[in-house]
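FYI, side chains are in, hydrogens and waters are out, and symmetry mates aren't considered; it's all heavy atoms of this structure.
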Amino acid sequence: QKTLDCAFGAGDVVVACGVNHIFFWAKEGNYWTKKRGLFGKKGKLQPQLTIVACGNKMVSGTASGYLYVWAGRNCVKTIKAHHGSVNALYYCEKGIVSGGKDMKV
């Protein structure tokens, strides 16, 4: 499974996403444990192209143009952001910015 992006989350968490996967790595003592993201009924398994920390949540950009909002390792919200893939994400105190294949920001 090809990894396309990774980012630090809140605490000792690293999130890696890519072709049909998103993994949440958490430090437990001297070891790192890997757990698969849970899409539930909110999202669907598809390429997660980019990831960014957004406060205590993570936001991933998908091949279908959606932003997936993650609380812990659970997908809790989806937002249609672009016509085509979401290729870039950036977060700062003023908000989140996304860039897509549709050439829109």
Side-chain angles (χ1 to χ4, degrees):
Q1 292 178 324
K2 188 175 184 179
T3 297
L4 301 174
D5 199 7
C6 60
F8 286 99
D12 286 334
V13 174
V14 174
V15 184
C17 66
V19 178
N20 296 332
H21 75 275
I22 184 165
F23 291 117
F24 293 80
W25 294 81
K27 190 167 186 186
E28 295 178 3
N30 292 329
Y31 302 97
W32 290 85
T33 59
K34 176 175 87 169
K35 294 186 178 177
R36 184 176 299 276
L38 303 173
F39 292 87
K41 294 181 180 181
K42 297 283 184 186
K44 68 175 187 174
L45 182 63
Q46 63 177 303
Q48 306 293 308
L49 306 178
T50 184
I51 188 86
V52 69
C54 188
N56 63 351
K57 293 184 170 62
M58 301 297 291
V59 176
S60 64
T62 70
S64 65
Y66 281 83
L67 300 179
Y68 284 6
V69 180
W70 301 86
R73 64 187 187 114
N74 298 299
C75 180
V76 296
K77 186 174 185 178
T78 62
I79 302 161
K80 181 66 173 172
H82 292 276
H83 297 289
S85 60
V86 178
N87 298 324
L89 289 172
Y90 178 77
Y91 173 77
C92 68
E93 67 278 352
K94 294 183 179 183
I96 191 166
V97 177
S98 64
K101 188 175 181 180
D102 58 7
M103 300 175 57
K104 306 246 183 204
V105 177

- Message: Taking atom NZ as the centre, does Lys80 end up with more than 12 heavy-atom neighbours from other residues, nucleotides or ligands that are less than 6.0 angstrom away?
- Response: yes
Sorted by chain and residue number, the ring pair (Phe, Tyr, Trp, His ring centres under 6.0 Å) partners of His21 (sequence neighbours excluded) come out as Phe23
Please tabulate, for side-chain N and O atoms in residues 36-55, each donor-acceptor pair with protein atoms closer than 3.5 Å (sequence neighbours left out).
{"residue": "Gln46", "atom": "OE1", "partner": "Ser64", "partner atom": "N", "Å": "3.1"}
{"residue": "Gln46", "atom": "OE1", "partner": "Ser64", "partner atom": "OG", "Å": "2.9"}
{"residue": "Gln46", "atom": "NE2", "partner": "Ser64", "partner atom": "OG", "Å": "3.1"}
{"residue": "Gln46", "atom": "NE2", "partner": "Tyr68", "partner atom": "OH", "Å": "2.8"}
{"residue": "Gln48", "atom": "OE1", "partner": "Ser60", "partner atom": "OG", "Å": "2.6"}
{"residue": "Gln48", "atom": "NE2", "partner": "Gln46", "partner atom": "O", "Å": "3.3"}
{"residue": "Thr50", "atom": "OG1", "partner": "Asp5", "partner atom": "OD2", "Å": "3.0"}

Q) Under the side-chain contact (heavy atoms from CB on, under 4.5 Å) criterion, do Leu67 and Leu89 qualify, and how do the steps go? A) CA-CA 9 Å; Leu67 300 179; Leu89 289 172; 3.6 Å; yes
Taken in chain and number order and not counting sequence neighbours, the residues that satisfy ring pair (Phe, Tyr, Trp, His ring centres under 6.0 Å) with Phe24 are Trp70
Tracing side-chain contacts under 4.5 Å among Ile, Leu, Val, Met, Phe, Trp and Tyr outward from Val105 reaches Val97
Applying side chain to side chain contact (heavy atoms under 4.5 Å, CB included) to Ala88 and not counting sequence neighbours gives none
Nearest heavy-atom approach of Ala71 to Lys57 is CB-CE, 4.3 Å
Between the CZ atom in Arg73 and the CH2 atom in Trp25, the distance rounded to the nearest 0.5 Å is 13.5 Å
Contacts satisfying side-chain hydrogen bond (donor to acceptor under 3.5 Å, both in side chains) that involve residues 86-105 (not counting sequence neighbours) are His82-Ser98, His82-Asp102, Ser85-Asn87
